[in-house]
Amino acid sequence: MSSGLLGVAGLAGLLVLVEALPRLGLVDDAYLPPTSRIAAALGDELGTAQFWQAVGDTLTGWAIGLAVAVVAGIAVGIVIGSVPVLRAATASTIEFLRPIPSVALIPLAVLLYGTDLGSTLLLVVYAAFWQVLVQVLYGVADVDPIADETARSFRFGRWARIRHVLWPTALPYVFTGVRLAASVALVLAVTAELVIGAPGLGKSIAVAQTSGAVPLMYALIAVTGLLGVAINLAARVFERRSLAWHQSVRGEVPA
Amino acid sequence: MRRVFAGIATTMALTALIGSASGCGSSGGSGGDTDAGGVDQVKVGVIPIVDVAPIYLGQQKGFFKSRNIELTMESGQGGAAIVPGVVSGQFQFGFSNMTSLLIAQTKNVPIKTVAAGVASTGEQGKDFGAVMVKADSPIKTAADLAGKKVSVNTLKNIGDTTVRESVRKAGGDPKNINFAEMPFANMPAALQEGQVDASWVVEPQLSAVKAAGGRLVASNYVDAAPNLTVAAYFTSAKLAGEDADLVKRFTEGINESLAYADGHPDEVRAVLGSYTKIDEKTRTALTLPKWPTEINQASVETLAQLGAKDGIFGDATPDVAKVLP
């Protein structure tokens with residue numbers, strides 16, 4: 001059986017389990033409704049404009065935040081990584097800022113931006129930026145010194161060396177960073193909406209919870225999970241297509 | 001050593017950068033934006049619960065548009081973010097329970113109520129909030145709550161002070177009640193599973209607990225004071241001083257909304273479907289609060305005394321006159 005089929009079987013097993021637990025009376029169906037009722041709530045919700053608006057808001061926050069983090073992460077990473085003095089000067093600062101959980105910045109976000117998109121972006125960018133930056137730094141450090149020296153011998157300028165030596169070396173790391181950042185960005189987008197009340201799926205989950213609409217709450221949670229799977233799959237496909245020439249990808253493709 | 005200094009220097013530079021960014025972020029004025037047609041864009045910080053149905057209904061009915069106010073409701077993060085939001089000018093108005101406003105006053109937070117928010121029905125056993133227990137609980141009256149674990153949504157606030165008063169009135173000793181803090185939404189499950197002995201719940205969770213066979217032991221808002229004013233709309237002292245006209249128009253709009261909501265319960269139940277996800281069955285059955293247009297001053301003074309008795313204001317004594325309009 002292929003890994004894809006096994007994955008589908010695993011998901012089906014989870015759905016059956018959630019259907020069975022409340023039906024067998026092992027958990028109270030008021031707090032964990034069976035799959036069929038969650039699916040029905042999801043079906044109703046799919047027909048509302050509010051739902052699609054919320055999905056759009058979440059994806060907007062995710063996409064803008066991720067784009068800002070990726071661009072900033074790559075730019076800062078290349079600059080810091082290729083200047084040894086800067087690398088030494090920022091190492092301790094990065095190690096200090098990076099482990100700060102984005103969620104701890106919620107009070108700051110609320111003070112600065114209230115309950116608007118800005119709050120979501122602050123959290124998303126902060127969390128995603130470090131994922132990209134650290135990978136770019138590793139990538140820059142991985143440049144083959146002989147290749148770099150060879151480029152210098154051929155009188156490549158600074159820009160040409162970044163373009164032809166540093167960038168191809170760092171690219172697989174960049175993609176890893178982007179893929180990690182994409183997932184983290186979604187987690188933080190939903191968290192910000194849930195806790196701060198910025199518009200999006202997270203806020204819809206909070207409203208469903210305070211309204212006692214339990215099946216809908218689970219349905220919306222499932223939607224965030226599906227979004228995460230979709231984002232991860234898309235990032236992997238994009239990575240394979242763009243890095244088809246690289247040995248890390250070539251090696252995985254079955255002959 | 002040089003590396004350490006360099007690290008410290010960059011940290012300081014970053015801190016300065018973040019500081020300057022925050023200066024840009026908080027540039028929003030307190031008065032809201034006025035467009036060319038003289039319409040004021042007003043943001044109101046609310047919690048998406050039954051209590052604020054009148055403002056959503058009034059918005060639908062055009063009670064604010066007719067006064068040149070374009071409302072945006074900002075909901076989320078519970079009530080805790082609303083007071084800072086109003087004081088910092090992110091929201092022009094906010095909705096908060098009276099005890100929170102009294103606490104804010106004792107801390108000299110510059111706020112002023114502008115209109116009544118929501119009031120108890122004043123009827124024993126038929127209020128929109130109550131202390132509930134499981135059907136088979138040994139707790140029969142409020143007096144039996146002494147020494148038991150009771151859940152409230154926020155500690156040292158309107159929930160625990162009014163529940164203590166219920167216990168006092170029933171002849172019990174409120175000193176040893178063990179209050180546990182949890183969101184209202186979690187209470188039906190916590191009560192069912194026996195994590196707490198009793199829960200103070202409001203609608204729609206009150207309906208949920210009743211549907212699960214829960215039994216009512218006290219109507220704490222009714223016990224606390226007759227026709228208790230539970231919450232109010234408020235603004236910052238700054239806006240009240242700078243734009244008295246906007247505040248006056250907002251108050252008129254709220255009062256019209258409150259009066260309309262009180263007279264049209266069916267429309268209130270319908271509007272609940274627009275900003276909450278309470279299902280239709282619960283919406284038609286739940287107990288609605290009262291929405292009088294006057295703040296019951298005597299009841300606010302009672303809340304202040306109850307809070308002082310329970311020590312929720314620290315050493316300070318709230319000045320009710322400073323909070324009320």
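Predicted model only: the values in this text are computed from it and were never measured. Below, each value reflects all heavy atoms present in this structure, side chains not excepted, and no hydrogens, waters or symmetry copies.
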Q | Sidechain-backbone polar pair: A/T58 side chain, A/L201 backbone, donor-acceptor under 3.5 Å | A | yes
(Q) Any side-chain to backbone donor/acceptor pair from A/T35 onto A/L15? Under 3.5 Å, distance only. (A) yes
Students often mix this up, so state it plainly: with edges at 30° and 60°, are the rings of B/F93 and B/F250 parallel, tilted or perpendicular?
parallel
Under 4.5 Å to a heavy atom of chain A? For B/P188 that would be both
Original post:
Ignoring hydrogens and geometry, is there a side-chain-to-backbone donor-acceptor pair from B/T235 to B/Q92 under 3.5 Å?
Top reply: yes
d(A/L226 CG, A/I231 CD1) to nearest 0.5 Å is 11.0 Å
Next item on the list: Taking B/T284 for its side chain and B/K281 for its backbone only, find out whether a donor-acceptor pair lies under 3.5 Å.
Entry: yes
Those residues of residues 268-277 of chain B that come under 4.5 Å of chain A on a heavy-atom basis, listed by number, are B/S274, B/Y275, B/T276, B/K277
Does B/R215 use its side chain to pair, donor to acceptor, with the backbone of B/D136 at less than 3.5 Å? no
Residue from B/D279, B/I278, B/T282 scoring the most non-hydrogen pairs under 4.5 Å with chain A is B/I278
Exercise. Side chain of A/W62, backbone of A/A189: donor and acceptor closer than 3.5 Å?
Worked result: no
Most heavy-atom pairs under 4.5 Å with chain B, out of A/E45, A/M217, A/E193, belong to A/E45
When the 4.5 angstrom heavy-atom criterion is applied to B/A189 and chain A, the contacting part is both
When the 4.5 angstrom heavy-atom criterion is applied to B/E203 and chain A, the contacting part is neither
